[in-house]
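The structure appears right after this line, and notes come after that.
In listed order, ligands and their atoms are each counted from 1. Side-chain atoms are counted along with the backbone in the values below, which use heavy atoms only and exclude waters and symmetry mates.
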Amino acid sequence: MIRKKILATGGAGFVGSHLCERLLNEGHEVYCLDNFFTGQKQNIIHLLNNPNFELIRHDVINPFLIEVDEIYNLACPASPIHYKYNPIKTIKTSVMGAINMLGLAKRVKAKILQASTSEVYGNPLVHPQPEGYWGNVNPIGERSCYDEGKRAAETLFNDYHKQNQVKIKIVRIFNTYGPRMHPNDGRVVSNFIVQALKNQDITVYGEGQQTRSFQYVDDLVEGMIKMMESEDRITGPVNIGNPDEFTILELAEKVINLTGSKSKIIYKPLPSDDPMMRKPDITLAKTHLDWAPHMKLDEGLIKTIEYFKTII
Ligand code: NAD
Ligand code: UDP
C-alpha cells in the first residue's frame with residue numbers, strides 16, 4: 001500500500017468521521033478540517049490520539065494551504081434544518097468551499113473528490129435517477145441554497161478539470177444513515193429512531209407516501225474510496241446509494257417494530273419542495289467501480305438504533 005496524505009473537509013461530521021476512521025485504518029495520514037457548524041468533536045474524539053490524525057479548525061469559505069495527495073470535500077451542512085438555517089452561508093460553503101479546495105488541488109496537484117448529492121435531481125421526473133438526468137430543481141425555493149450550491153460545485157469541479165486538468169471525482173450521495181448522525185438534525189432516520197426510543201409520536205410529513213432509498217454509512221465510505229482510487233478518466237458524477245426504496249410510512253413502521261416502541265404515528269405538513277420519490281440508478285457505480293451496497297435496511301437500522309441508545 002502507498003501511504004498518502006489525505007485532507008477531509010467536513011471530517012468531524014457524520015460521514016466525514018467514518019471516512020477519516022477508515023482512511024486511518026488503511027494506514028494513511030489524515031487531516032480533518034472542520035468549522036464545527038454541524039460536526040462534533042465527539043465524532044472524532046477516538047481518533048485524536050492517533051499520530052496519523054490531525055484536526056484543523058477552519059472554514060472552507062476561506063483559502064487553505066496544505067501539501068496533500070488527495071482531498072475529500074465534504075464540508076457543507078447536509079440536513080434540511082441545518083442548511084436552511086443560514087441559506088447564504090450554505091451556498092457560500094458549497095461554492096467558495098469548492099473554489100478554495102479546487103484551487104488547492106490545482107496548486108499541490110492533488111486528486112479531489114466532491115461529495116455531491118441526489119438533491120441535484122430535485123423533485124425528479126425520471127425514476128430511478130441515472131446520472132444523465134439533469135434534474136428538476138427550484139432555483140428560488142427553500143432547498144435551493146443546498147441544491148443549487150451543490151450543482152454549482154459540480155460545474156466548478158468539471159471546469160477545473162477541463163481548464164486546468166485537475167484530477168476530479170464527483171459522487172452523488174443518496175440518503176445515508178448510521179451511527180453518529182446528529183440526533184437533532186431533523187433527518188428522517190434520526191428523528192424516527194429518537195422519537196421511538198423516547199416513546200414519543202413519530203412525525204410523518206405529508207401522507208408518508210414519498211419515497212427514499214437509504215444507504216448505510218459504511219457502504220457509502222466504501223463507494224467514495226473506490227471512486228477516489230478509480231482510474232483518472234472516471235471523473236463522475238457517479239451515484240452512490242442503495243436502490244432499495246421505501247415509503248416514509250414504511251420506514252416509520254420498521255423503526256417502531258425494531259425498537260419495540262409504544263410510539264404512535266402522527267402526520268405533519270409536508271415541507272415545500274420535498275421530493276416525492278428518490279432512488280438511485282447505480283449502473284455506473286457497478287460497472288466503473290465494481291461497487292454495490294451490502295447493508296439491508298433492517299440490519300443497518302438495528303446498528304443505528306444501538307448507537308442512539310448509547311447517546312440518549
Ligand atoms: P454533517 O453535517 O454531519 O457533516 C458536514 C460537516 O461539514 C460538519 O462536520 C460541519 O461542521 C462541516 N462544515 C459545514 N460547513 C463548513 C464550512 N464552511 N467549513 C468547514 N466545515 C464545514 O453532514 P454529513 O451527512 O456527514 O454530510 C457530509 C457531506 O455529504 C456533505 O457535503 C453532504 O452534502 C453530503 N451528503 C450527505 C448525505 C447524507 O445523507 N448524509 C446525502 C447527500 C450528500
Ligand atoms: N420526514 C418525515 N418526518 C421527519 C423528518 C423527515 O416524514 O421527522 C420526511 C421528509 O419530509 C422527507 C423524508 O422524510 O420526505 C426524508 O427527509 P430527510 O430530511 O431525512 O432527507 P431529504 O428530504 O433531504 O431526503
Side-chain angles (χ1 to χ4, degrees), residues 8-20 32-41 43-44 56-62 64 72-84 86 89-90 92-94 96-98 100-101 113-120 123 143 146-147 149-150 153 171-178 180-182 185-195 200-217 220-221 224 239-241 246-249 251-252 255 265-278 280:
T9 77
F14 158 52
V15 175
S17 63
H18 287 274
L19 177 69
C20 288
C32 166
L33 181 156
D34 209 294
N35 73 346
F36 291 98
F37 174 49
T38 52
Q40 304 179 87
K41 239 193 187 148
N43 289 341
I44 38 120
I56 305 153
R57 183 181 281 266
H58 181 81
D59 193 310
V60 288
I61 70 167
N62 299 311
F64 183 71
Y72 286 84
N73 188 37
L74 276 67
C76 187
S79 75
I81 287 185
H82 284 131
Y83 65 66
K84 291 177 191 176
N86 184 345
K89 179 68 196 252
T90 299
K92 270 185 169 175
T93 296
S94 267
M96 294 168 73
N100 287 326
M101 289 306 126
L113 179 143
Q114 169 67 355
S116 190
T117 168
S118 52
E119 282 283 321
V120 300
N123 191 4
R143 289 182 173 241
Y146 183 68
D147 300 7
K150 289 285 188 178
V171 288
R172 289 186 179 152
I173 302 169
F174 283 65
N175 294 65
T176 305
Y177 69 98
R180 300 194 204 128
M181 288 184 93
H182 198 296
D185 76 2
R187 282 189 259 200
V188 68
V189 173
S190 42
N191 266 12
F192 286 2
I193 293 178
V194 171
Q195 290 163 345
Q200 294 170 345
D201 292 339
I202 304 271
T203 53
V204 167
Y205 301 160
E207 291 172 10
Q209 292 309 309
Q210 69 273 38
T211 69
R212 293 293 187 273
S213 309
F214 299 100
Q215 87 177 317
Y216 192 67
V217 64
L220 167 61
V221 167
M224 290 170 85
N239 289 338
I240 301 288
F246 298 88
T247 67
I248 293 306
L249 201 52
L251 177 73
V255 171
I265 293 174
I266 59 161
Y267 294 88
K268 295 218 161 178
L270 190 68
S272 73
D273 292 338
D274 198 291
M276 281 316 292
M277 54 190 174
R278 187 181 286 155

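Side-chain atoms of Asn43 come within 3.5 Å of backbone N or O of Ala12 as a donor-acceptor pair. Using modelled atom types, one side-chain atom of Ser213 and one backbone atom of Arg278 make a donor-acceptor pair closer than 3.5 Å. In this structure, the side chain of Asp201 does not engage the main chain of Thr203 through any donor-acceptor pair within 3.5 Å. Under a 3.5 Å cut-off, the side chain of Gln210 and the backbone N or O of Tyr205 do form a donor-acceptor pair. Remark: the backbone N or O of Met181 is not paired with any side-chain donor or acceptor of Ser190 at under 3.5 angstrom. The backbone N or O of Pro275 lies less than 3.5 Å from a partner atom in the side chain of Arg212, making a donor-acceptor pair.
Scanning for side chain to side chain contact (heavy atoms under 4.5 Å, CB included) contacts around Thr9 gives Leu7, Leu33, Val60, Asn73, Ala75, Met101, with sequence neighbours left out.
In this structure, atom 43 (C) of ligand 1 lies nearest to the protein heavy atom Ile173 O, 3.1 Å. Leu74 O, 3.4 Å is the protein heavy atom nearest to atom 29 (C) of ligand 1. For atom 22 (C) of ligand 1, the closest heavy atom belonging to the protein is Asn35 OD1, 3.0 Å.
The closest side-chain donor-acceptor pair between Thr176 and Gln215 falls under 3.5 angstrom.
Taking every heavy atom of Asn175 and a limit of under 4.0 angstrom, the matching atoms of ligand 1 come to 40 (O). Heavy-atom contacts of Phe37 reach the following atoms of ligand 1: 11 (O) (cutoff under 4.0 Å).
Rounded to the nearest 0.5 angstrom, Thr211 OG1 and Leu249 CG are separated by 12.5 Å.
Ligand 2 is surrounded by Pro80, Glu119, Arg143, Asn175, Gly186, Arg187, Val188, Asn191, Phe192, Thr203, Val204, Tyr205, Gln210, Arg212, Ile248, Pro271, Asp274, Arg278, each with at least one heavy atom closer than 4.0 Å.
At least one N/O-N/O distance between Thr93 and ligand 1 falls below 3.5 Å.
The pair Asp59-Lys92 does not meet the salt-bridge criterion, since no charged nitrogen lies less than 4.0 angstrom from a carboxylate oxygen. Lys150 has no carboxylate O lying under 4.0 Å from a charged side-chain N of Glu119, or vice versa, which leaves the two without a salt bridge.
Taking each of Phe14, Tyr146, Phe214, Tyr83 in turn, the one with a heavy atom nearest to atom 34 (O) of ligand 1 proves to be Tyr146.
Counting heavy atoms closer than 4.0 Å to ligand 1, residue Phe36 contributes backbone atoms (N, CA, C, O) but none from C-beta onward. Of the heavy atoms in Ser116, only backbone atoms (N, CA, C, O) come closer than 4.0 Å to ligand 1. Contact annotation: for His58 versus ligand 1, heavy atoms closer than 4.0 Å belong to the backbone alone.
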